[in-house]
Amino acid sequence: QVQLVESGGGLVQAGGSLRLSCAASGRTFSRKSRGWLRQAPGKEREFVAAISRNGKTYYRDTVKGRFTVSRDNAKNTVDLQMNSLSPEDRAVYYCAADTDNSPPYDIWGQGTQVTVSS
């Protein structure tokens, strides 16, 4: 069974940091694009960051300079380092994979909650 599982979410004060990790099983994603998305209460799911099969990274404007996405192909994992967190970053964060190297993502994790207090 192909599965993605996020971890590392929690409660942090504004200005703090969290590191999310996504473990994959059932197949290798070493040559697949990987991404992070989030969904805040009452809002649509939105793109946060991505890393291509070639290691190129992409970020939404509001997280540039604060978030860093990375991957470890040997472990089949992708991480999201989040610094300088603000209450606006509060959301459920999901990792995803693009199995055919073409949008949209077609495999998703269950999500991990990130809460940022003022």
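Note that the numbering runs from 1 along the sequence shown for the chain.
Within 6.0 Å of CZ on R90 lie no more than 12 heavy atoms contributed by other residues, nucleotides or ligands.
A donor-acceptor contact shorter than 3.5 Å is absent between the side chain of N76 and the backbone of N73. Checking side-chain atoms of E6 against main-chain N and O of L20 turns up no donor-acceptor pair under 3.5 Å. Within the 3.5 Å criterion, the main-chain N or O of V69 finds no donor-acceptor partner in the side chain of R34. Side-chain atoms of D98 do not come within 3.5 Å of backbone N or O of S33 as any donor-acceptor pair.
In this structure, OH in Y93 is found 15.0 Å from OG in S7, a value given to the nearest 0.5 Å. Considering CD1 of I51 and CH2 of W36, their distance stands at 12.0 Å, rounded to 0.5 Å. The line from OG1 of T115 to CG of L11 is 6.0 Å long, rounded to the nearest 0.5 Å. How far OG1 of T68 is from CZ of R66: 11.0 Å, rounded to the nearest 0.5 Å. Put simply, CZ on R19 and CG on N83 are 9.5 Å apart, with the number rounded to the nearest 0.5 Å.
Neither Y105 nor F67 shares a network with the other; the hydrophobic side chains, linked directly or stepwise wherever heavy atoms of I, L, V, M, F, W or Y lie under 4.5 Å apart, form separate groups for each. No continuous path of ILVMFWY side-chain contacts below 4.5 Å connects L80 to V5, so the two sit in separate hydrophobic clusters. In the hydrophobic clustering of this structure, M82 groups with V116; members are Ile, Leu, Val, Met, Phe, Trp, Tyr whose side-chain heavy atoms approach within less than 4.5 Å, directly or through other members. Under the 4.5 Å side-chain heavy-atom criterion for Ile, Leu, Val, Met, Phe, Trp and Tyr, V92 and L4 are members of distinct hydrophobic clusters. Cluster membership for L37 and Y58, using ILVMFWY side-chain heavy atoms within less than 4.5 angstrom, is shared.
Annotation: cation-pi geometry satisfied between R27 and F29 (NZ/CZ under 6.0 angstrom from ring centroid, within 45° of ring axis). Annotation: cation-pi pair R45/W108 present, NZ/CZ under 6.0 Å from the ring centroid and within 45° of its normal. For R38 and Y94, the positive end is not near the middle of the six-membered ring at less than 6.0 Å and at most 45° from its axis.
With 3.5 Å as the limit, one finds no donor-acceptor pair spanning the side chains of D72 and T77.
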Yes or no on salt bridge (charged side-chain N to carboxylate O under 4.0 Å, His left out) for D100 and K32, after CA distance, side-chain angles and deciding distance? CA-CA 7 Å; D100 61 357; K32 306 299 182 181; over 6 Å; no
Run the numbers on E46 and R60 for side chain to side chain contact (heavy atoms under 4.5 Å, CB included), then give the verdict. CA-CA 9 Å; E46 64 183 19; R60 72 177 298 109; 3.6 Å; yes
Start with the C-alpha gap between Y59 and F47, add the side-chain angles, then the distance that decides, and say whether side chain to side chain contact (heavy atoms under 4.5 Å, CB included) holds. CA-CA 8 Å; Y59 302 93; F47 169 80; 5.6 Å; no
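Across all non-hydrogen atoms, the minimal contact from V63 to V48 is CG2-O, 3.7 Å.
In this structure, D79 does not pair ionically with R71, as no charged nitrogen and carboxylate oxygen lie closer than 4.0 Å.
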